Structure formats: C-alpha cells, structure tokens
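First the structure, in the form of structure tokens, and then the observations on it.
Quick caveat: nothing in here was measured; it's all calculated off a predicted structure. Just follow the structure's listing: the first ligand is 1, and inside any ligand the first atom is 1.
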Amino acid sequence: MSATKPVEFNNTVLRDGHQSLAATRMTTKEMLPVVADLDSIGFAALETWGGATIDSCLRYLNENPFDRLDTLKKLAPKTPHSMLLRGQNLLQYTAFPDDVVEAFCAASAKHGMDIFRIFDALNDTRNLKTAINAVKKAGKHAQGTICYTVSPVHTLEAFIKLGTELQEIGADSVCIKDMAGLISPSMAYDLVKALKSNLHIPVVLHSHSTSGQAAAAYYAATEAGIDSVDTSIVPFANGTGQPDTLRMLAVLEGHPRCPAYDRARLVALGKHFEKVYAEMSKFTSTANERTDTATLAYQVPGGMLSNFRNQLKEQGMSDRFNDVLKEIPVVREALGWIPLVTPTSQIVGTQAMLNVKFGRWKMLSQPAMDVALGKYGRTPAPVNADLLKDVEKKTGQQAVTVRGADLLQPGMEKLRAEVKAKGIEPSDENVTLYAMFPQEVEKIYKNKAAGIAPYDIAPAPAKKDSDKAKASRFALTLGGKRHEVTIEELN
Ligand code: CO
C-alpha cells in the first residue's frame with residue numbers, strides 16, 4: 001500500500017451504531033429509506049448484521065434475521081456487507097459444535113454476507129479456526145480479530161504474535177477490535193505500524209468513542225498505514241459508539257490520506273437517522289452519548305460502568321460501586337487477564353459483584369468456573385493456581401487444555417429433528433438460529449402462522465433503566481436458584 005492511498009471507512013450505523021446507542025432496536029423498516037444511499041457513498045463495507053442484531057431481531061422485533069439480511073443486500077448490492085461473529089460461540093455466549101458453526105457460516109454466506117469479522121473473547125485462535133475455514137470455503141472474506149485490552153500480559157509483542165497467528169490460520173485481514181475504547185493514539189500508531197510491517201494482509205481498526213480517544217486513535221492509525229477504520233453516522237455515533245463519519249472527515253481534513261466521501265449525502269443521511277433516534281427515545285440514554293474518561297482509570301468499558309450502577313442499585317448495593325470497580329482487575333488477573341468483551345465482560349462483571357457481596361471467591365458463578373477450567377479457551381495468562389484448585393474441588397472436574405468445542409458432539413442432526421418436530425421448516429437457516437435462540441425462533445414462527453407480520457408488534461418498551469443500555473440477560477445460578485443478571489453487551 002502506498003502511504004498516500006486514502007484510508008477507507010467502514011460504516012457501522014446499521015449494527016454497532018444502534019447496538020451501542022439504542023439497545024440494538026433499529027428495525028429493518030427504519031433502515032429501508034436510506035439503505036440505497038448508504039450503498040452509494042462508497043464505504044469499504046457496511047456492517048449490517050451480527051453482534052446483538054440477531055438476538056434483537058428475534059427477541060424484540062419479530063423479524064427473521066435472514067429476511068433482514070436479504071432485504072439489506074437487495075437494497076445495497078454494491079458495498080460489501082460485514083457482520084460480527086463471536087467465533088465458536090456464533091452469536092451466543094458458549095461454544096457450538098463445529099457442524100453448527102459451519103452450517104451457520106455457509107447459510108450467512110448464501111444470503112450474501114461478504115465479510116465475517118470473527119473474534120474470540122479470550123483471543124484463543126483455536127476458537128476462530130472453524131469459522132474462518134467455513135467462511136473461506138464459501139468463498140467469502142474471513143477477518144480475524146484481535147480483541148484489544150489493557151493488561152500486564154497484553155504487550156505490543158503479544159498482539160503482533162496474535163496478528164501473525166491469525167494470518168497463519170487463514171485470516172484475509174485483521175481487525176483490531178477496541179470494544180471498550182481504550183486504545184490511545186500512540187498505542188494505535190505503534191500497533192498498526194507493527195502489524196503492517198509484520199503482516200501482508202489488510203489491517204482494520206474498530207474503536208468506540210467511549211473515552212474520547214477514538215477519533216485521535218484513527219488519525220494516528222492513518223499515519224501508521226491502517227487500511228480502514230470503522231465510523232458511524234450521527235446520532236448513532238460518538239459516545240459509546242464509533243466516531244461519526246463527518247467528524248472523522250473533519251479530523252483528517254488536509255491529511256494526504258483523507259478519503260473523499262460525499263459530505264452532503266452524509267448530512268442527509270444524518271437527518272434521517274436523527275428522526276429514527278428521536279423515535280427510539282425509549283432505548284437511548286444520555287449516559288451512552290457522553291464521553292467518560294473514568295473508563296480509562298478503571299480500564300472498564302463505559303457502558304459497563306453505567307450498567308453496574310443500575311445493577312447495584314437493584315441489589316441495594318449502591319454504596320459498593322467503587323469496591324466492585326476495584327474488584328474487576330482482581331477478577332481479571334485471577335482469570336488470566338481475559339479481555340472484557342461478550343461474554344467475558346458479563347462473566348467478570350458478575351463475579352466482581354459476587355466477590356464484593358459475599359466475600360472474595362466465596363460464591364463462584366458457573367461461567368467464571370468454566371473460564372477457570374479452560375472451557376472457554378486458553379486464557380491470555382494462567383488462571384490463579386489457588387482459584388483453579390478451589391474450582392476443581394468444587395466441581396469435581398479437571399481443567400481442560402483441548403479446545404472447548406472438541407468436547408461437543410455434532411449438533412445439526414439432532415437440532416434438525418427438533419426443529420422439524422416443532423413444525424418449523426428444518427432449513428440450515430432455521431436450525432442454526434434455533435440452536436442459538438430456540439424459544440425466540442419458535443415465537444417468530446408462531447407469530448408468522450398467526451399472521452402477525454414483522455413491525456405489527458411495537459418493540460417492547462424498556463422495563464427499567466438497565467434495559468435502556470445495550471444490556472443482555474445473563475443467567476446465573478446461586479444456591480440452586482436461577483437469577484437473571486443484566487450486564488452490558490459489548491462488541
Ligand atoms: Co464495537
């Protein structure tokens with residue numbers, strides 16, 4: 001790449017934009033009027049699918065996610081579409097058998113998904129391999145992901161090693177995914193420079209404006225030779241979302257690599273999204289619109305901070321807010337310095353609350369124990385030996401070193417029979433969605449049979465403040481009792 005080749009922008013407004021700022025509740029109908037315009041701008045990619053959008057379509061919007069993808073592809077045929085995929089976990093919190101992962105990737109490719117951004121919360125590349133192979137087999141672009149985080153073991157060298165590994169296992173490009181908005185401009189410069197000189201595939205930077213650094217980090221990455229950066233469109237931008245496209249153009253104005261996108265069209269797009277944002281006020285929150293540098297002090301994503309406030313309030317623990325924040329690095333260190341991204345953000349957050357409420361490690365959540373036992377994958381650093389001993393004693397299980405999915409039986413055949421038995425057409429689309437969201441898939445087919453079309457059901461209003469954040473439910477069993485914990489979903 002020549003140093004003066006313009007940096008390209010990917011646009012996230014139809015996925016991360018509303019996931020970060022409006023609880024992922026934008027409907028396909030609200031997108032329709034501007035999809036063709038978005039396609040005409042010339043973005044390197046349009047992020048239209050994946051992350052929490054699949055869950056949200058099924059759970060709240062009575063939409064079949066594959067129908068959304070078909071519609072968006074039809075209206076935006078020129079720009080490559082991209083999606084976010086949680087590696088072996090697909091769009092859920094735990095691993096699926098290889099055959100389910102393969103079938104889902106193949107079905108998504110068949111419906112026109114072009115670029116699959118595949119990540120693993122632990123950065124264990126073994127959890128990306130099946131998805132990468134399936135995407136490549138379908139002739140599509142497999143983007144490997146480095147989940148960026150800050151810890152004593154996440155050094156520049158460690159990230160370069162990870163980037164090299166991703167290239168070796170077949171990634172067509174590498175994305176630095178800074179889901180918490182922690183990357184500083186100087187780190188962005190150093191990391192991009194190092195990856196560009198060590199890899200021969202394109203490098204992409206995805207950040208969030210949470211701490212206010214993303215636009216500056218994008219500028220620094222541009223200087224260092226980044227191929228593309230993720231931007232969104234106001235008001236589904238900035239704050240806990242990506243920097244907005246027009247702002248990024250202003251920041252890069254006069255830079256030899258500043259791209260030429262039609263600003264008048266971008267202004268018009270912003271006007272449409274202003275209207276949509278106003279209509280979605282039930283799901284937006286001023287807390288998400290703000291820049292919050294506290295996220296840097298605690299190395300905790302901003303959204304997670306506001307979510308904690310709500311969670312602690314509900315449990316009558318508001319006065320323990322600072323204790324819980326201080327407990328997060330303790331939990332992360334004990335669990336091998338895992339990054340905070342779905343689902344580890346939920347796991348670490350919940351365990352930190354339990355440690356504060358019941359005493360350190362007195363009450364362990366099942367997912368935290370599973371992380372310690374290696375079921376989610378290889379942790380960046382070893383799990384604390386005393387904690388592991390305690391978990392092994394409690395569960396009567398030994399830590400595993402194999403890939404979690406290697407312990408699973410193939411799933412498609414059994415799932416297909418289940419789907420068929422419920423009177424739903426057992427296509428790969430339905431079966432793989434059902435694997436992830438069984439009740440929700442049943443519900444949308446019941447609605448369909450009853451003649452209830454998408455959008456006939458108004459999106460359910462937020463029940464409480466914590467619902468307003470891009471929150472996700474997380475089941476936790478304590479003393480045999482099941483609790484629903486709501487923790488921020490971070491992608
Ligand atoms: Co993101």
### Summary
Which atom of His206 is nearest the Co ion (ligand 1), counting N, O or S only? It is NE2

### Query
In chain order, what residues pass the salt bridge (Lys or Arg N to Asp or Glu O under 4.0 Å) check against Glu253, with sequence neighbours excluded?
Arg263

### Name of whichever N/O/S atom of Asp16 is nearest to the Co ion (ligand 1)
OD2

### Query
Got more than 12 heavy atoms from elsewhere within 6.0 Å of NZ, Lys129?
no

### Task
May I ask you to check whether Asp230 brings an N, O or S atom to under 2.8 Å from the Co ion (ligand 1)?
no

### Query
What residues form a ring-ring contact (aromatic ring centres under 6.0 Å, His included) with His154, not counting sequence neighbours?
Phe159

### Query
Mind checking whether Phe236 and Phe273 have parallel, tilted or perpendicular rings, split at 30° and 60°?
perpendicular

